[in-house]
Amino acid sequence: MGIDAGFDMVPRLTKEAVDQDVWQRFIRSVKEHYEDDDRVEIKPNYLLFKVGEHPMLPFEGHKFLRFSSKISGRIATESNAMDYIRTVYLMAEVNFGPRVRKWSESSDQYGHYGWAEPDEPKATTSIASFGLNIDPSKGPDIPLFEVKPISGKGRGLVARVNIPKGTRILLEKPILTSQSMPLDMTEKILASKLKSLSIVEQRQFLSLHNNFPGKLPFRGIMKTNALPCGSDSTVGAVYPTICFINHSCLPNSHNNWNDDKGHETIHATRPIMAGQEITLPYDKGGPSSARQAKLQQSFGFLCDCTICSLPGPELLASDARRLKMQRLDDAIGDPLSMMTSPGASLANCYSLLQTLEEEFRGSPGVLLARVQYDAFQISIAHGDQARAAVFAENAYRSRVECEGEDSPAAQKMKALMQNPASHASFGACSMYWKMTRKSAPKGLDADEFRKWLWRQNK
Ligand SMILES: C[S@@+](CC[C@H](N)C(=O)[O-])C[C@H]1O[C@@H](n2cnc3c(N)ncnc32)[C@H](O)[C@@H]1O
């Protein structure tokens with residue numbers, strides 16, 4: 001009996017140089033730290049800690065799974081076992097980030113690996129899974145990515161395996177959140193928030209990139225890294241791993257704040273090949289010149305992504321598409337047009353979808369869900385439940401792909417797909433297009449169905 005605590009390496013390191021090099025660096029730092037401590041002995045193949053239950057660190061990283069000991073009882077207390085575990089954990093965390101999972105039975109956390117069969121992962125608790133930053137439902141052992149230096153971009157996330165579209169790559173709780181506030185208050189408030197965090201969280205926060213070094217370092221870190229908690233939110237949050245994701249104007253992932261669960265997720269919005277960088281869009285759209293200017297001003301880099309480095313005529317074509325996307329989006333959002341010319345608004349939605357598909361090379365991500373929801377609203381506002389249900393279903397599928405089944409937006413679309421008339425604007429403009437949900441035509445081929453759905457026969 002007694003209380004155990006320690007940390008596990010999840011997933012375990014491979015024999016590849018990429019893992020072994022970091023392990024060697026970690027072992028060197030532990031040796032240096034304890035060189036004058038005669039409780040830590042260098043054995044031929046491992047470091048032995050003569051504290052508590054004598055945990056050890058092998059010299060070959062792939063042989064390591066766990067560093068732990070009893071922390072209760074006379075021997076553990078007299079030898080300060082907990083101090084050693086805490087220090088070695090911090091050193092491991094600096095080198096391996098979220099792959100190192102801390103646990104303590106005193107907080108009802110149990111290690112990732114069972115005692116009897118240390119190679120067999122136990123069913124993970126949500127606490128342990130948050131430590132790993134991977135969605136518990138997807139299984140904990142998938143080394144989907146690594147954080148590594150990317151030429152010209154600082155650190156970034158790189159896929160270790162092929163990641164299919166729709167995969168949840170990451171799920172993280174914020175290290176720290178902050179409301180937007182006057183400049184002079186920010187630094188003080190952030191400093192006091194930071195003080196209340198654990199040492200690990202403080203280190204995670206301070207290790208984030210600061211694009212605005214100077215007198216307000218905490219604010220600089222927030223400004224460089226914070227993601228809004230929801231599209232219109234004035235609250236921003238920073239995360240231990242998500243904040244390493246760099247920008248691309250042709251991104252391959254989508255970030256989403258789940259307000260119900262208080263976490264941020266990252267999903268693959270197109271297939272990502274092993275070795276490819278995982279990217280997010282930092283921009284708010286527009287042609288390349290506008291994007292470049294904004295990225296330079298807010299994030300201090302000149303974007304040279306696949307789109308921005310297209311040859312002249314192709315870049316012009318991309319810019320034209322981006323401008324068209326903005327124009328169509330504005331036109332769709334015009335309530336008067338939706339009320340008086342719903343057919344034209346629906347045609348604009350269709351045109352926007354085509355343009356998105358082209359510009360984002362078949363994977364427009366969550367933009368697709370938004371346009372489908374626009375088409376839903378136009379249809380339902382004129383009483384057409386049949387088409388509205390189809391648009392809601394398309395939006396639902398897209399939300400699940402980009403945000404997961406647990407996303408509140410996905411759940412909202414699911415409810416609307418089952419009962420489109422429950423939407424507040426059902427029949428709000430007219431009942432001119434009145435159709436029940438069940439009266440959608442059956443037996444149409446894909447082309448006929450598309451024409452029916454988008455009212456292209458009229
Ligand atoms: C949220 S951080 C991303 C992680 C960062 N690369 C790091 O090393 O911690 C944002 C910063 O990363 C860099 N960055 C992001 N995307 C980039 C890109 N496409 N090209 C160059 N630098 C980029 C910029 O310095 C930017 O201010």
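The analysis underlying the following values was restricted to heavy atoms, covering all of them including side chains, and did not include hydrogens, waters or symmetry mates. Throughout, residue positions are numbered sequentially from 1 according to the sequence presented. Here the structure is a predicted model, which is why all the values come from computation and not from measurement. Just follow the structure's listing: the first ligand is 1, and inside any ligand the first atom is 1.
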What atoms of ligand 1 come closer than 4.0 angstrom to any heavy atom of His209? 7 (C), 9 (O), 11 (C), 25 (O), 27 (O)
Nearest protein heavy atom to atom 12 (O) of ligand 1, by residue and atom, and its distance? Asn246 OD1, 3.3 Å
For Phe212, does the six-membered ring have the charged nitrogen or CZ of Lys223 within the cation-pi criterion, i.e. under 6.0 angstrom from the centroid and within 45° of the normal? yes
Ligand 1 versus Asn211: contacting region, heavy-atom distance under 4.0 Å: side chain
Tell me whether Arg399 is salt-bridged to Glu401, with the criterion being a basic N under 4.0 Å from an acidic carboxylate O. no
Answer with side chain, backbone, both or neither: which part of Phe301 has a heavy atom less than 4.0 angstrom from an atom of ligand 1? side chain
CD1 (Ile175) and SG (Cys243) are apart, to the nearest 0.5 Å, by 6.5 Å
Under 4.0 Å between a side-chain nitrogen and a carboxylate oxygen: does that hold for Asp83 and Arg86? yes
Find out whether the Lys NZ or Arg CZ of Lys31 is both under 6.0 angstrom from the six-membered ring centre of Phe59 and within 45° of the ring's axis. yes
For a quick check under 3.5 Å, do Gln204 and Ser207 share a side-chain donor-acceptor pair by atom type? no
How far is atom 10 (C) of ligand 1 from its nearest protein heavy atom, and which residue and atom name does that atom have? Tyr282 OH, 3.5 Å
Verify the distance criterion only: is there a donor paired with an acceptor across the side chains of Asn246 and Glu277 at less than 3.5 Å? yes
Please confirm whether Gly152 approaches ligand 1 to less than 4.0 Å, judged on its heavy atoms. yes
Atoms of ligand 1 less than 4.0 Å from Gly154 heavy atoms? 8 (O)
Please list the nearest protein heavy atom to atom 16 (N) of ligand 1 with its residue and the distance rounded to 0.1 Å. His247 N, 3.0 Å
Does ligand 1 have an atom that lies less than 4.0 angstrom from a heavy atom of Cys243? yes
Atom 26 (C) of ligand 1: closest protein heavy atom, distance to 0.1 Å, is Phe299 O, 3.5 Å
Under 3.5 Å, side chain of Glu172 to main-chain N/O of Ile242, donor-acceptor pair present? yes
Shortest protein contact, atom 8 (O) of ligand 1 (heavy atom only): Arg155 N, 2.7 Å
